[in-house]
Every structure is written in C-alpha cells, then in structure tokens.
Number of protein chains: 2
Amino acid sequence: MAKLDFSPIADTTRRAEIVALLKRAILTGQLEPGQKLNELRIAEQMRVSRAPLREAMRELVQEGILTSIPYAGTFVIDVTAKDIDDAYSLNKVLDEFAIERTWPLRDQRFFDELDRRHEAVKQATRDLNTTRQIETALQLHGLIHEWAGNSVLLETWQRLTSRLQMYFALHQRARKEPVPAEDLHETYVRLLKGADMRAAQRHASEHIDGDFEQLLAYAQGLEQRTSKGAGANRAVAARNRPDDG
Amino acid sequence: MAKLDFSPIADTTRRAEIVALLKRAILTGQLEPGQKLNELRIAEQMRVSRAPLREAMRELVQEGILTSIPYAGTFVIDVTAKDIDDAYSLNKVLDEFAIERTWPLRDQRFFDELDRRHEAVKQATRDLNTTRQIETALQLHGLIHEWAGNSVLLETWQRLTSRLQMYFALHQRARKEPVPAEDLHETYVRLLKGADMRAAQRHASEHIDGDFEQLLAYAQGLEQRTSKGAGANRAVAARNRPDDG
DNA sequence: GACAAGCAAATTGTCGACAATCTAACAAGG
DNA sequence: CCTTGTTAGATTGTCGACAATTTGCTTGTC
C-alpha cells in the first residue's frame, strides 16, 4: 500500500466556523479595538443561535483578542503602546530561542519552505494586498517556530501572532499610505540559510525592531488621542463605545 | 480620601465557578490525562445545565489543558515526556527574561513578597500538603514574572503554569513517597536578593532542572507503559479510555 | 436644579429539548 | 473468516425561550 497521509477532516461545527469568521474580522481590523460584540445581532447576521456563538467567543477571550465582563459584554481588546511593546519584547526572546532550536534541524525541506513563504510575501506585496501581506509575513516569520520542534513554543508564538496581526492591521489601516514595495525579508531569509546563527538571531531582533518602531509610534499616537482613559479601566471605558453594526 | 484599592468583585457566573472546579480537578490530578469528560454527567453532578459547562470547557481547551474533538468529546490532555521537556525548555527561557526585566525593578515590596511566598512554601512543606506545596512553589516562582511588568509574559507564564502544576501533581501522585522536607528554594530566594543577576538566572535554570529531571523520568516511564500508542493519535487513543465517573 | 427611587428596555446568562453525529453491536454477503 | 451495510443507543452540537442583571430614563421629592 502506498504510504499516503490524509490530512484531518475539516471541523464541520458551526462553532469552528464562527471562530474563524470572528477572528478574521478582528485580525483585519474590521472590528475595532474596544468595540462591543452584541451577541444577538451577530447571531442573527450569521444565522446561528447564540450558543455556538458564545462558545466561539469564549475561545477568543481565552486566546487573548477578546475580553469579557460578566453581564456587561464581550469586547475586542484595547491596544495600548505598552501592550505592543510587551508583545514585541517577548517575541524577540521567542525568536532567539526558536532560531537556536531550529538551527541544527535545518534541511532542504526547511529551505524550500522558507523560499515558498518568502515568495508568498513578495506576491502579496506585488498585489498590494496589505492584509495578505501581513498574513504571509507572519507565516514566513513563523517557520522557525514550527521547525523548532517545541509544541509549547509554537503554541505560544501562535497566540502572540494573533495580536501581532491585529496590531499590524490596525497600523496599516491608520496610515493609508501604500505598502512599501521593497523586500524587507531578503536579509532575514539569507541569514537563516547561512552558517552564522548569532547573526541570524541578531538580525531577527533588529528586523522586528524596524516593523515595531512604526507600530509603537502609531500606538503612542492612539494613547494621546484617548488620553482621558489613562488610569481608567480599559474594559469599562469600552462599554461606552459604539456597538458593532 | 484614603487611597484604597478595592479588589474586583468575584465573578458570579456559573461558568466561572465551573472553570475553577474543573481546573482544580485537572491540576490536582483528580481527572487523569486522556480521560473523557462526559458533559451530561458532569452537568448533573454540578447541578447546572450543559450550556455554561460547555463554555467553561471551551475556555480550558483554549487554555491548553483540555482537547476537544468534534462529536467525539473533550478530553484531559495527555502528558508525554516531550510535552514536559518542551514546557521545561520554554520555561527556562521565560525565566531568564523575567529575571532580566525584574532585576532593576526590585524593591522592598518585592523582597517582602518574595519572603512571604517562600514562607508559604515552607509552611505547606511542614504540613505535608503536597498539592499546596506545588501550588505555593509555583507562586513563588511566578513572582519574577509578575514583577517584570510585561503582561504578555505574565499571561504566557500563567498558561505554562497550568500544565506544570498538572505535571507535578501527576508526578507526586505516581510516587507515593513523602515530600522532601528540605528547603529547595533557599538559594533561589537568596540569589534573587543579591547583586549578581547572571548567577540568579543560572541558578533558576539549574533549579528547575532539578525539579524537571524527576518529572522527565516519570513521563518517560509513562511512555513505555503505554508504548502501543507511540505513533497513534493521542486524542483518538484517549477515546477508548474510561469515562469520568 | 439636584438627587434618589423605581420602572422599562436591552443584553447577557442559563435552561431544557431537539437535531446531528459517532460508536458499537449485529446481520448479510462474499 | 473477513468485510460491508444496518440499526439502536449514547453523546455532542444547536436551538429557542426564560431568568438574571445592567443601564438609562422617568418620576417624585426636597
């Protein structure tokens, strides 16, 4: 018998599809930070009952992109400069670890996959598809975490990625300028193929730095505009913001 | 007006209480790895309907201590030697990062809290309360993550802690020997109070090493006993195991 | 006008029942 | 004997309705 690996059957529960829908809406910035999610309205729009919707929302709360206050509502997380800075700091640490673990495991398949993902980024850049560009860039970046062979690391990074994707989407949305056409990942890919692990680690940090610098500036701008909420409870403040429509 | 911080009102939803109950049952090892959670039975035992129970289970799935297979059931995660090793590796990295960030922020309140938690561990040790001993030891360990001032790091560590607590509980349960009476954390606390950050980081790694060595040995024993499931899907294998009762 | 009590609307939390799916046992056919 | 189709039972997934809680408005009082 031929050795054929079948991929798992897709989850056919409404819950799973709702999770996917909501996640996309949040990560692409269609649902804005602080926005309240009205269960009845969303359930009607999706043509499902509130039960699977609520279960889906519970998952996203635990995934860290929604917050929930009993009897008050469920809200898209707010984004502060500190949140972004925290995520960035940890990401740097995880990257170094991932590169260290991936390094001895690199093989032809790794390099091929690296090229494949790099190509996907370049394609999205050519298409001027910012959402897809963010998505593919993070997938390129995620390869070292997948390859490191540490399931806990991968899981952690994927959770972090959700937020990063949201942050970048918000940033892109705020500044309506066109996407940079240059290839920012050329050096990153080259170093990952090379022989100097330290150099790769160092570049990974710096590379992320470049992306995050803009993000931080954007977030700090946000802070100032909504500065009244400085010491207040963010979630509570969110209550007074408009509903989803 | 006196500057008084009120602690948040307790969540009065059934869901939150169910989460707490289930989590405790899993983290203390009362619910064994791979065990299936029968919704109807648990709901009846807790005198609640399945709706809040299912929502609670969704949270724990996302928290990583339950796994769910559509239309098949929700199971306590299986524990493999590799899982423990992965968690251990990442924990080491997070610890170094946490110490680095906490280091300049240490003050009297930090030292006081450190002593307080250290004392709690010693008390639990004197009481021969293994469950509480694990709990307090992890809380002592968690201080650096709380103090580091990075919310993403803290969140990540707390997720890791859930599993660590489960692993240690299983380990303690397997070997019925009495708890070691010596104080394993003396050096750790002393170094955190000292001036040599590198030394503290190094000891943290080694200190964890000691705890994990036993865990790994235990897990590897598990692997061999249930070796038939080596290549098989763990979750599927779990289906054939006995229900909760 | 300021303020407290009380009511009404909207929203979230929970419940019980039904639908969809899986598992296991059994029968039929090769 | 092995495989395939069928069926009954149990369990999970989903639904619509009801209960609990919050919020904002209204009313009455000073």
Side-chain angles (χ1 to χ4, degrees), chain A residues 1 6 8-22 31 34-62 66-76 232-233 235-245, chain B residues 8-22 31 34-62 66-76 232-233 235-245:
Chain A
M1 187 181 357
F6 287 103
I9 298 291
D11 287 351
T12 50
T13 60
R14 297 187 195 282
R15 182 182 67 238
E17 295 194 29
I18 296 171
V19 166
L21 277 176
L22 280 181
L31 284 170
Q35 193 169 6
K36 178 177 175 180
L37 276 64
N38 185 312
E39 297 179 1
L40 202 55
R41 197 167 316 176
I42 295 178
E44 282 173 358
Q45 287 180 358
M46 291 188 180
R47 305 287 183 83
V48 294
S49 73
R50 286 172 55 223
L53 172 62
R54 282 174 59 86
E55 291 186 16
M57 286 165 82
R58 262 353 112 198
E59 290 190 20
L60 295 179
V61 165
Q62 212 56 23
L66 292 180
T67 68
S68 165
I69 304 176
Y71 289 107
T74 305
F75 309 84
V76 178
N233 185 322
V236 171
R239 282 198 215 183
N240 303 323
R241 295 194 200 169
D243 234 24
D244 61 286
Chain B
I9 299 291
D11 287 350
T12 50
T13 60
R14 298 187 195 282
R15 181 182 70 238
E17 296 194 27
I18 296 172
V19 165
L21 277 177
L22 281 181
L31 283 170
Q35 194 169 5
K36 178 177 175 179
L37 277 63
N38 185 312
E39 297 178 2
L40 203 54
R41 198 168 315 176
I42 295 178
E44 282 173 359
Q45 287 180 358
M46 291 188 180
R47 304 287 182 85
V48 294
S49 73
R50 286 172 54 221
L53 171 62
R54 283 173 59 86
E55 290 186 16
M57 287 166 83
R58 264 347 114 202
E59 289 191 20
L60 295 179
V61 165
Q62 212 57 22
L66 292 179
T67 67
S68 164
I69 304 176
Y71 288 107
T74 306
F75 309 85
V76 179
N233 186 323
V236 171
R239 283 197 214 183
N240 304 324
R241 294 193 200 169
D243 238 20
D244 59 288

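The model shown is predicted, which means the values in this text are computed figures rather than measured ones. All values below were derived from every heavy atom in this structure, side-chain atoms included, with hydrogens, water molecules and symmetry-related copies excluded. Below, chains carry the letters A, B, ... as their sequence lines are ordered, and counting in each starts from 1.
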Just to be sure I understand the rule, does B:R14 reach a base, reach only the sugar-phosphate, or reach nothing, if contact means heavy atoms closer than 4.0 Å? sugar-phosphate
Within the 4.0 Å heavy-atom criterion, would you say A:R54 contacts the bases, only the backbone, or no part of the nucleic acid? base
Starting from [atom2] on [N], measure out to [atom1] on [X] and report it in whole angstrom.
| X | N | atom1 | atom2 | result |
| --- | --- | --- | --- | --- |
| A:R50 | D:dT14 | CZ | C1' | 13 Å |
| B:E39 | C:dA17 | CD | P | 17 Å |
| B:R47 | C:dC15 | CZ | P | 12 Å |
| B:I18 | C:dG13 | CD1 | P | 13 Å |
| B:I69 | D:dT11 | CD1 | C1' | 14 Å |
| B:N38 | C:dC22 | CG | P | 17 Å |
| B:K36 | D:dT11 | NZ | P | 7 Å |
| B:L40 | C:dC22 | CG | C1' | 16 Å |

Comparing B:P52 with A:T74, nearest DNA chain C nucleotide closer to 5' gives the residue A:T74
Closest to the B:Y71 side chain, choosing from C:dT11, D:dG13, C:dC15: D:dG13
Between D:dT12, D:dT11, C:dC15, which one does the side chain of B:R41 approach most closely? D:dT11
To check you understand the geometry: which heavy-atom pair defines the closest contact between [X] and [Y], and what is its length?
| X | Y | value |
| --- | --- | --- |
| A:T13 | B:P70 | CG2-CB, 3.8 Å |
| B:E59 | A:Q62 | O-CG, 3.3 Å |
| A:P52 | A:R15 | O-CG, 4.1 Å |

From A:L37, A:I18, A:V19, residue fulfilling side chain to side chain contact (heavy atoms under 4.5 Å, CB included) relative to A:M57: A:L37
According to a strict under-4.0 Å criterion, is A:S49 in side-chain N/O contact with OP1 or OP2 of D:dT14? no
Is there a side-chain contact between A:N38 and A:E44 (heavy atoms, below 4.5 Å)? no
